[in-house]
Number of protein chains: 2
Amino acid sequence: MQSRTPASRTGRPRSAAADTAILAATREALVELGWSKLSLGDVATRAGVAKTTVYRRWAGKSELVTDALATLFDQLVLPDLGSLRADVEGVVLQFAELLEQPATKTALMAVVAEATHDDALRQRLREKIVARQKRLVVEGRRRAQSRGEIPPDTTDPGPQIDLIFDMIAGAVVHRTLVSCEPVDSGWAARFTAVLLDGLAAAAG
Amino acid sequence: MQSRTPASRTGRPRSAAADTAILAATREALVELGWSKLSLGDVATRAGVAKTTVYRRWAGKSELVTDALATLFDQLVLPDLGSLRADVEGVVLQFAELLEQPATKTALMAVVAEATHDDALRQRLREKIVARQKRLVVEGRRRAQSRGEIPPDTTDPGPQIDLIFDMIAGAVVHRTLVSCEPVDSGWAARFTAVLLDGLAAAAG
DNA sequence: GGCATTACGCTACAGGTCGTAGCGAAAGCT
DNA sequence: AGCTTTCGCTACGACCTGTAGCGTAATGCC
C-alpha cells in the first residue's frame, strides 16, 4: 500500500493502526473539505498521528487519496442474480450507490484529474482501480456463457470486455458526476436494455 | 463569463483582451502544472496582468478553470455526414480528439471533482458544459428524424436524450481518461454499432 | 475641457499549507 | 542489554491565498 516495503525485519514496525486511521481520516476529510482544501496536516490531526508520520508513508496527496479510494472500491462484488440482465442491472445500481458516497465521487475524479499529467499516478490508478473492476465484466460474461445466454468466445474477448467496461462505468460515472442525475432502477433498466440489445445485435 | 456584469456604463471598461489572455494562460498553465499546482498568481504572470485583476473577475480557481474549459468545449460542432451512424461516429471521434488535449482532460476532471462538494460550481458546470453540449444529441436526433432513419417523437424525448448523452460522453471520457486507451475509428465504429442497435431494439 | 467613476498595475500583508530537518522517546528484534 | 526503526513533537523557509491601499489610466457625462 505504501510506496515501499523494503523487507526490513529489524527495528520498530510501522503501526498498522496508523495506516487505517490515516486512510479513514482521509476519506472523512475529503467529504468535508473536498480535494483542493484537503491538507495532509489536517488529515494527520484527524487520524491522531503526527504530520511527519503521514509523509513517511505517502509521497503526497495524490497517492494517499488513491489508496483511500482503493479501500472504497473493494466493497464492490458481483452477486449472482440468475440472469445476465439482472446481473448487469445489479452491478450498475451497486456501482451507482458507491459513487453516491461523497468520498468516492470526490476522490475518483480528483485522482483521475491528477493522473492526466502524472505517469506514476496513472499507473497506480490503473492497477488499483481499473484492473480490479474489469474482473466484474469478465466474471459476468463467464456466468452468462455457462448459463447459455451468450455464445462462448470464438475470438479474443479483450476488446469486447474493454468496450463493455467503458460503456457501463462511463455511463454511470457520467450520469452521476457530470450530469448530476440519479441512477435509479428505471434508468438502470433502460441503460441495460440498450447495452445488451446492442451487444446482441452487433454480434449477430 | 465573469461573476457579475452589473450593467455599469460609466468608468473605465474592463479589458476584453485581459479576459482572453487570462483564459489562455489558464489553459497553458493547466497543461504544464496540472490542477493542484496551478496558482492564480502564476496565471496572472503568464497573462501579463496583475494578480488582483484575476481576483476581480473570478472568485477562485474553480470558476476560472470552468470558464477556460467552456471555451474548449465550444469548439465542438456536429457536421452532417449523411447518416445517423456517420454522425455519431463523427461526434465520438471529435469528442475524443478534444479530450486528447491535455488542457481539456485535466480541467474537466478537476472541475467535476470540485463540483462534487460545491453546489454553485456544479450549477456553473451544468450550465456552461452539460446543457450546451446536449445540443449535439438534440441536433443529431432531429436530423435523423428528417432523414426518416428514426421515427418522430411520440413521448417526451428528454429521458432518451439524457440516456444517449450519458452513454456517448461517458464511454468516451471513461475510455480516454480512466482506462487510458485511445479512441480510434475501430472503437468508435464498434461503440456506435452497439449504441444504435441497442436503441433501435429497445424502441421496437 | 473638467469631473466622477471604474479598471488597472503594483506593493505589501497576514494567514495557511507544504515538505523537511532535528530531537528525544518508544517499540520491536537478536 | 544493544541495535534499529518508528513515533510524536517542534521548528523552519518557501510558497500560495485573498485582501487592502496607492497612484495612474481610460471612459462616460456634464
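These values consider heavy atoms only, across backbone and side chains, with no hydrogens, waters or symmetry-generated copies. Every chain is numbered from 1 and lettered A, B, ... according to where its sequence line falls, protein lines coming before strand lines.
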If you restrict it to nitrogen or oxygen atoms, what contacts under 3.5 Å exist between nucleotides 13-16 of chain C and the protein, and what is each distance?
none

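Going from atom CG of B/Leu33 over to atom P of D/dC15 covers 14 Å, rounded to whole Å. Atom CG in B/Leu38 sits roughly 14 Å away from atom C1' in D/dC15 (whole-Å rounding). Here D/dG18 presents its P atom at 9 Å from NZ of B/Lys61, a figure rounded to the nearest Å. A/Lys37 has its NZ atom 18 Å from the C1' atom of C/dC18, to the nearest Å. Between A/Leu40 atom CG and C/dT17 atom C1' the separation is 9 Å, expressed in whole Å. Whole-Å rounding puts the B/Trp58 CH2 to D/dT17 P distance at 15 Å. Going from atom CD of B/Glu63 over to atom P of D/dG18 covers 10 Å, rounded to whole Å.
Using a 4.0 Å cut-off between a side-chain N of Lys or Arg and a carboxylate O of Asp or Glu, A/Glu139 and A/Arg143 qualify as a salt bridge. For A/Glu114 and A/Arg124, the salt-bridge test fails: no basic side-chain N is under 4.0 Å from an acidic carboxylate O. Between A/Arg190 and A/Asp184 no salt bridge is recorded (no basic side-chain N to carboxylate O distance below 4.0 Å). Classification of B/Lys37 and A/Asp118 as a salt-bridged pair fails, no side-chain N sitting under 4.0 Å from a carboxylate O.
Candidate nucleotides D/dT6, D/dT17, C/dC18 were compared by shortest atom distance to the side chain of B/Tyr55, and D/dT17 ranks first. Between C/dA7, C/dG9, D/dG8, one nucleotide has an atom nearer to the side chain of B/Arg12 than all others, and that is C/dA7. Candidate nucleotides D/dT6, D/dT17, C/dC10 were compared by shortest atom distance to the side chain of B/Ser39, and D/dT17 ranks first.
Summary of the strand contacts: B/Pro13 and B/Asp42 both lie near DNA chain D, and taking for each the nucleotide with the nearest heavy atom, the more 5' one is attributed to B/Asp42. Between A/Ala18 and B/Gly60, the residue whose closest nucleotide on DNA chain D is further toward the 5' end is A/Ala18.
Residue contacts shown for B/Thr52 include a base, since a base heavy atom lies under 4.0 Å away.
Side-chain contact between A/Asp19 and A/Arg14 is absent, with no heavy-atom pair separated by less than 4.5 Å.
Counting non-hydrogen atoms of neighbouring residues, nucleotides and ligands closer than 6.0 angstrom, the CD atom of A/Glu97 reaches no more than 12 such neighbours.
B/Asp166 approaches A/Ser179 most closely through the heavy-atom pair OD1-OG, 2.6 Å.
Residue A/Arg56 places a side-chain atom within donor-acceptor reach of the base of D/dG8, judged by atom type and a 3.5 Å distance cut-off alone.
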